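Throughout, protein chains are lettered first and strands after them, A, B, ... in sequence-line order, and every chain is numbered starting at 1. As the structure is a prediction and not an experimental result, all values here were calculated from the model.
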Amino acid sequence: MEKIKILFLGSNWEALHTLKVLFEDVRFSIIGVITQPDKPVGRKQEILPTEIKLFCNENNIPVFHTLGDIERYKEAMSIFEPDVILCKSFGEIIPDFFLSYSKHGAINVHYSLLPKYRGAVPIQKAILDGADITGISIVKMVAKLDAGPILSQHTEQILENDTNQSLRERLVKLTGEILPDTLYKWCNGEIITTEQDDSKATFCWQKDIAKEVAEIDFTKLDSITIDRMTRAFIPWPVAWFMYGAIRIKLFAVVLLNDNEIIQNAKDSKIGELFTTQNRLFVKSADDKILEITDLQEEGKNRTKPIDFINGHKKSLLSI
RNA sequence: CGCGGGGUAGAGCAGUGGCAGCUCGUCAGGCUCAUAACCUGAAGGCCGUCGGUUCGAGUCCGACCCCCGCAA
């Protein structure tokens with residue numbers, strides 16, 4: 001039985017996980033990986049090889065950079081002769097001609113139930129919208145972004161306390177469980193695709209997830225929105241608010257149902273932080289009490305509320 | 001040399017050249033029907049490192065190390 005030759009396009013840790021799963025599956029052979037070039041990382045902006053590149057080097061998989069350049073895509077086509085192209089978190093717009101040069105085309109893994117949430121940040125947007133389910137769509141890539149026929153879909157519940165990170169980790173894991181079979185069947189002609197209903201498409205863009213939109217003004221936003229923002233912006237850019245002149249990152253909040261505290265705090269001012277029972281609270285614009293359970297001041301380490309309270313005993317309102 | 005904040009008890013923070021402090025936690029005991037409550041006591045420190053100034057440095061000066069935020 002001849003192995004299916006895969007040309008893998010991917011750049012981040014999610015792509016690496018998927019790449020490993022396919023690499024270890026005996027039905028497939030990874031003939032090459034196209035990934036984004038090494039970039040400066042961290043505070044020191046050191047240029048380090050990406051994890052994908054390290055993995056490829058260890059396993060003698062050829063690595064190629066297209067750099068978004070049409071000519072380099074053409075060059076890649078002359079080097080690699082894949083049966084199928086698999087794309088996961090690649091980060092470049094791929095030219096049309098490249099999508100169709102292999103026998104079985106190019107397949108993309110997208111983290112939403114297409115046609116909903118086409119675009120760059122489907123998980124975050126689903127959380128911001130308060131959706132209760134999302135999922136994975138494995139689609140054939142076409143010129144139009146995330147608009148191709150669907151090979152298979154799998155739904156996943158969005159839990160009440162799911163963050164972009166926790167949900168993403170589950171979806172990445174699930175991808176490893178379902179992608180190999182789907183891809184194998186596809187290449188054997190055993191899958192009949194389903195066209196997307198374009199009229200039901202919704203979209204999300206990278207600009208929806210940015211530092212500028214991650215600011216939380218407790219005097220203007222309601223508690224539900226604040227909770228969703230906090231969960232959607234992890235691990236980046238992380239929801240933040242101003243405490244006096246200090247910027248504070250907000251890693252987790254809990255909508256409060258504790259009657260005693262709500263009763264005691266009924267006179268507290270909207271947007272003003274206060275503490276009681278060694279816990280940290282704030283009232284949002286809809287007059288609900290939110291408990292802050294995980295935070296970080298600029299220039300300082302991430303701390304638990306008790307530590308923040310200890311450090312601000314004098315300025316913090318206590319009820 | 002990208003910009004900025006910081007390093008003091010297990011944690012979080014004060015500290016004006018002159019005895020090392022506060023809150024929380026920990027430990028021991030007490031009180032209470034009861035508590036993330038209250039009372040009494042205790043342990044716990046190379047004040048990032050090295051050098052300098054000084055009668056005297058956590059504090060002033062210099063160099064270095066490390067952590068963090070921004071930016072990318």
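Between A:P235 and A:T163 the shortest side-chain heavy-atom distance does not fall below 4.5 Å.
Residue A:Q296 has no polar side-chain atom (N or O) positioned under 4.0 Å from OP1 or OP2 of B:C68.
Ion pairing between a basic and an acidic side chain is recognised when a charged N comes within 4.0 Å of a carboxylate O; A:D69 and A:R72 show no such pairing.
If you check B:G58 for Watson-Crick or wobble pairing at under 3.5 angstrom, you find it has no partner at all. The partner of B:C22, taking Watson-Crick or G-U wobble pairs whose two distances both stay under 3.5 Å, is B:G12. Using the Watson-Crick or G-U wobble rule with both distances under 3.5 Å, B:G41 pairs with B:C27. Across all strands shown, the partner of B:G2 is B:C70, judged by Watson-Crick or G-U wobble contacts whose two distances both fall under 3.5 Å. Nucleotide B:C46 forms a pair with no other nucleotide shown, judged by Watson-Crick or G-U wobble geometry with both contacts under 3.5 Å.
Among the heavy atoms of the strands, none lies under 4.0 Å from A:R302. Note on A:K304: nothing from the nucleic acid sits closer than 4.0 angstrom, heavy atoms only.
Rounded to a whole Å, the CD atom of A:E298 is 12 Å from the C1' atom of B:C3. Here the P atom of nucleotide B:G5 and the CD1 atom of A:I246 are 14 Å apart, to the nearest Å. In this entry the distance linking CG of A:N278 with P of B:A37 reads 7 Å, nearest Å. Atom CG in A:N301 sits roughly 8 Å away from atom P in B:C13 (whole-Å rounding). Residue A:L295 contributes atom CG, which lies 13 Å from atom P of B:G69 at whole-angstrom precision. Distance A:I306 CD1 to B:U26 C1': 14 Å, rounded to the nearest Å. The separation between A:Y243 atom OH and B:G5 atom P is 20 Å, rounded to whole Å. As rounded to whole Å, 14 Å separates atom C1' of B:U26 from atom CG of A:N310.
The side-chain contact (heavy atoms from CB on, under 4.5 Å) test with A:F80 is passed by exactly one of A:I6, A:I85, A:I31: A:I31. Evaluated for a salt bridge (Lys or Arg N to Asp or Glu O under 4.0 Å) with A:D294, the options A:R302, A:R231, A:K249 yield exactly one hit, A:R302.
Rounded to the nearest Å, the gap between the C1' atom of B:C13 and that of B:G17 is 22 Å. A gap of 30 Å separates the C1' atoms of B:C60 and B:G44, to the nearest Å. Nucleotides B:U8 and B:G45 are separated by 8 Å at their C1' atoms, to the nearest Å. Annotation: B:G48 and B:A9 have their P atoms spaced 8 Å apart (nearest Å). B:G56 and B:C19 are spaced 13 Å apart, taking the C1' atom of each and rounding to whole Å. Taking the C1' atom of each, B:G21 and B:G15 are spaced 7 Å apart, rounded to whole Å. Distance noted for atom C1' between B:A42 and B:G10: 16 Å (whole Å). Distance noted for atom P between B:U59 and B:A20: 13 Å (whole Å).
Taking every side-chain heavy atom of A:D307 into account, B:A11 is the closest of B:A11, B:U23, B:C13. Listed candidates were B:C13, B:A36, B:A11. Nearest to the side chain of A:E297 is B:C13. Between B:A36, B:U23, B:G12, one nucleotide has an atom nearer to the side chain of A:K313 than all others, and that is B:U23.
Counted within 6.0 Å of CD on A:E2, heavy atoms from surrounding residues, nucleotides or ligands total 12 or fewer; the atom is thus considered open.
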- Would you check, one step at a time, whether the test side-chain hydrogen bond (donor to acceptor under 3.5 Å, both in side chains) holds for A:D25 with A:Y184? CA-CA 10 Å; A:D25 193 310; A:Y184 184 76; over 6 Å; no

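Side-chain atoms of A:T134 and A:E156 form no donor-acceptor pair, as typed in the model, at a separation below 3.5 Å.
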